[in-house]
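Working notes for the structure below.
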Amino acid sequence: MSVVRLHQVVALLGDFPALAGVDLSVEAGEVVLFQGANGAGKTTLLRLCAGLVAPTAGTAEVLGHDLHEQRRAVRRRVGLVGHGSGLYGDLTVSENVAFWAGLVGAGTAEVEQALHRLEVAPRLHDVAVGRLSTGQRKRTALASVVVRRPELWLLDEPHAGLDQRGRDIVDQLIREAAAAGATVLVASHELDRVGSLHPRPVTLAGGIIREADHAS
Amino acid sequence: MGYVVAGWIIGIGGFALYAGYLLRRGRRLASHVPADRRRWMTADE
Amino acid sequence: MSTRPSTGSTVTRVIGIAALIALALLLCAAFWWSEPDAQQGDAVRLFYLHVPVAILEYVAFIIAGVGSVMYLWKRSVFGDVMAHAAAEVGVVFCALTLITGSLWGRPTWGTYWDWGDVRLVTTLILLLLFVGYLALRQVPGDRHTRSKQAAIVALVALIDIPIINRSVEWWANRTLHQRSTLIEGKIEDINAFATFLGFLACGLVLSWFLVHRFRVAWLEREVATHGLERALSERRAEGAEV
Amino acid sequence: MLRDAGRIAAKDLRIERRSRVLTTQVLPFALIVIVLFAFALDASTDALRRFTPGLFWVTVLFAAVLSVQRIFAVEVEDGALDALRLSGVDPASIFLGKAAAIATQLVVVEVLLGLSVVVFYDAEPDDVVLAAVAGVVAAGGVAAAGSLYGALVVNLRVRDTLLPVLLLPVLAPVLIAATRAYGDAFGTSAVDGWAWLGVLGLFGVIYLLLGILTYGVLLEES
């Protein structure tokens with residue numbers, strides 16, 4: 001079953017065509033790595049798959065839902081780690097994660113588990129997110145996505161701001177998600193592999209997917 | 001009576017100004033759009 | 001016939017010429033053919049312009065409301081463009097209503113403005129609401145998002161109007177002004193022919209404005225779409241180079 | 001739906017307790033406005049007492065604009081609004097949660113303002129119950145409209161200037177009705193203040209319905 005099926009998708013940011021006709025098909029359980037320079041359209045492509053950006057042309061389906069009509073149904077099933085952390089600087093680490101967990105029906109145990117898995121030190125749990133370092137904040141943001149148990153992971157530069165240990169945790173997370181049957185789309189302008197995993201590379205440039213990658 | 005005349009001048013003047021503004025805007029935009037895309041605007045018979 | 005591209009067409013030229021003739025006739029009717037009013041005196045001559053503009057302003061805003069519903073309900077682009085056009089024309093009519101009304105009020109009531117008059121106050125707030133609508137409309141950004149937001153603002157404004165009207169009426173009662181009924185009494189007295197002519201002339205002006213404004217908005221969309229196509233091909237070329 | 005709304009409202013109020021924007025910025029601002037009115041009206045206690053209801057509610061509306069801006073600013077600071085949209089929560093819950101948080105803040109503002117007009121304008125309410133009920137009902141209506149318009153402008157770069165232009169005219173009936181009700185409560189005008197509560201209530205109900213119906217459309221794209 002295709003988890004993502006895009007055909008000639010155009011998406012606008014204001015009046016700028018960030019995606020200029022993307023064709024892409026991703027099967028369940030696949031790990032795909034989007035590569036490309038800044039401004040190639042990686043972030044918009046992930047946000048489109050998350051149902052946050054509407055396609056203006058083309059046919060687009062994610063997790064079986066049409067992106068023109070059913071974006072809300074898509075949103076609750078995906079987990080997006082983007083440039084914004086989606087955290088409130090005035091709330092503590094555990095308050096933030098607990099808030100997002102509460103909205104998706106996850107309990108305190110899952111919050112603890114997610115923070116443990118991202119190796120956010122317990123002494124930081126009661127510290128306001130605004131006072132965390134970039135790396136710790138990123139880990140907290142990842143934890144708040146982990147509690148959602150997404151079927152489709154959308155990771156935009158997931159390694160940015162993390163130390164080596166943090167990067168290893170992210171790689172581990174991706175491996176486990178894929179092993180559990182989830183699909184993972186990673187965008188990065190520097191990586192060509194994810195830990196020991198060799199994901200399918202797809203290169204974006206100028207809002208379209210480079211020809212060579214269609215063959216693979 | 002002065003108020004009445006002033007009212008008419010502003011009223012008709014307002015119509016005229018807005019009409020002129022619309023026409024000018026229309027002319028400027030229309031020159032950027034090819035004739036076959038200018039629906040209803042059959043100015044060039 | 002001019003071959004320069006414009007928003008004109010045969011139909012709008014006919015409407016335009018008819019509007020000019022009707023306005024000229026209305027001017028004659030208001031100033032020479034009609035008699036001064038028993039109570040208002042010569043001030044009534046401004047009424048032949050003021051009353052039709054005031055009534056038609058509501059017609060324009062109702063059209064804006066209908067267009068907004070069409071957009072929200074059916075995603076009708078036509079409705080969206082129509083709502084934008086009607087709102088702008090409505091604001092013009094609304095402003096003229098307030099100006100002519102004040103200039104009528106000065107000789108009649110002895111003051112430009114009277115907070116005790118429900119219509120005056122309601123019309124002013126209506127103007128402010130739609131000025132906000134136009135302000136939102138001109139903020140750059142995603143077209144569909146903006147259209148949806150604007151449609152909601154227009155509907156909220158129209159829903160707000162009866163509440164404002166009722167509360168101002170209730171509120172103004174304390175001043176014991178009975179201006180509204182005073183005006184209603186007057187309508188009966190003024191020259192029926194001039195009144196009819198006023199509605200005809202202003203109705204033609206309104207339709208001319210609406211058609212032209214609609215076409216301007218339509219052309220803006222076309223220009224934007226064209227710009228988008230160019231941006232798309234540029235973007236694709238950028239991708240092919242790499 | 002209501003449970004999620006409660007979560008969102010509680011979250012916003014907790015952020016408020018931590019950041020203290022209400023107590024250190026909005027409340028002082030409201031006090032400043034009260035002082036400015038005294039200067040504008042030539043320090044005449046008689047005039048101030050007579051116009052207390054109107055001045056009170058104008059100040060509340062100004063404070064409401066700030067409160068709405070703040071409540072939505074926390075969502076755009078670090079992409080939380082996207083996370084909220086991704087959470088799959090019913091948009092109506094977000095609307096109600098935001099409205100509840102704004103309403104709570106407004107009630108706090110009203111209490112402080114009530115005390116300051118008693119002290120500074122020598123205005124004492126004859127009918128405290130009416131003042132309290134009208135205050136709460138009006139806060140609800142203002143909050144509902146504020147929550148609606150706050151979400152409408154949240155993703156615009158010009159949101160801070162556009163919000164008052166859109167919101168304040170819409171709140172005109174609230175200002176009129178609440179001022180009338182307070183005119184009765186403070187004994188400055190001989191009207192039936194309880195009757196004006198109907199207008200406030202109607203306004204609140206209409207905007208609650210509008211918000212519940214349109215929030216999905218607003219958050220879908222914005």
Side-chain angles (χ1 to χ4, degrees), chain B, chain C residues 1-13 16 19 23 26-27 30-31 41-50 53 88-89 92-93 95-97 99-108 112 201-202 205 208-209 211-223 225-227:
Chain B
M1 196 64 179
Y3 292 107
V4 175
V5 173
W8 272 92
I9 290 173
I10 292 174
I12 303 286
F15 282 167
L17 281 177
Y18 186 63
Y21 164 72
L22 278 186
L23 282 177
R24 249 184 310 124
R25 239 169 110 185
R27 288 242 163 83
R28 211 187 53 233
L29 283 165
S31 57
H32 294 299
V33 177
D36 58 313
R37 302 280 290 271
R38 273 184 267 132
R39 283 214 270 159
W40 315 295
M41 291 161 241
T42 50
D44 343 30
E45 313 91 331
Chain C
M1 272 255 158
S2 154
T3 52
R4 270 210 294 160
S6 77
T7 44
S9 63
T10 316
V11 178
T12 62
R13 288 205 190 92
L23 275 178
L26 176 63
L27 225 96
F31 280 96
D42 280 330
V44 75
R45 300 186 193 280
L46 193 48
F47 245 48
Y48 302 124
L49 180 66
H50 170 74
V53 171
E88 189 179 297
V89 176
V92 171
F93 267 57
L96 290 178
T97 302
I99 295 171
T100 53
S102 303
L103 288 167
W104 173 85
R106 188 68 177 74
T108 315
Y112 287 112
C202 295
V205 171
W208 192 91
F209 280 175
V211 172
H212 275 270
R213 184 62 185 85
F214 180 89
R215 289 176 180 176
V216 165
W218 191 268
L219 289 177
E220 276 171 349
R221 278 185 65 92
E222 286 295 332
V223 168
T225 310
H226 182 66

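First the proteins, then the strands, lettered A, B, ... as listed; each starts at 1. Here the structure is a predicted model, which is why all the values come from computation and not from measurement.
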Look at C:Leu27, C:Thr100, C:Thr97, C:Val211 and state which one has the largest set of heavy-atom pairs under 4.5 Å with chain B. C:Leu27

Which bit of C:Val53 comes within less than 4.5 Å of chain B, counting heavy atoms only: side chain, backbone, both or neither? side chain

Can you tell me which portion of C:Thr12 sits under 4.5 Å from chain B's heavy atoms? Options are side chain, backbone, both or neither. neither

How far does CZ of B:Arg25 sit from CZ of C:Arg213, to the nearest 0.5 angstrom? 4.0 Å

Check whether any side-chain N or O of C:Trp104 sits under 3.5 Å from a backbone N or O of B:Gly7 as a donor-acceptor pair, and report yes or no. no

Distance in Å, B:Arg28 CZ paired with C:Leu219 CG, rounded so as to fall on 0.5 Å steps: 11.0 Å

Per-residue contact mode, B:Val33 against chain C (heavy atom under 4.5 angstrom): side chain

When rounded to the nearest 0.5 angstrom, what is the spacing between CD1 in B:Ile12 and CG in C:Leu26? 7.0 Å

Just jot down the side-chain hydrogen bond (donor to acceptor under 3.5 Å, both in side chains) partners of C:Arg106, sequence neighbours excluded, or say none. none

For C:Val92, all residues meeting side-chain contact (heavy atoms from CB on, under 4.5 Å), sequence neighbours excluded: B:Tyr18, C:Leu96

Nearest 0.5 Å, what's the CG-CZ distance between B:Leu29 and C:Arg215? 14.0 Å

Residue part contacting chain B, namely of C:Leu49, when any heavy atom lies under 4.5 Å: both

Counting C-beta onward and ignoring hydrogens, is there a side-chain heavy-atom pair between B:Tyr3 and C:Leu46 closer than 4.5 Å? no

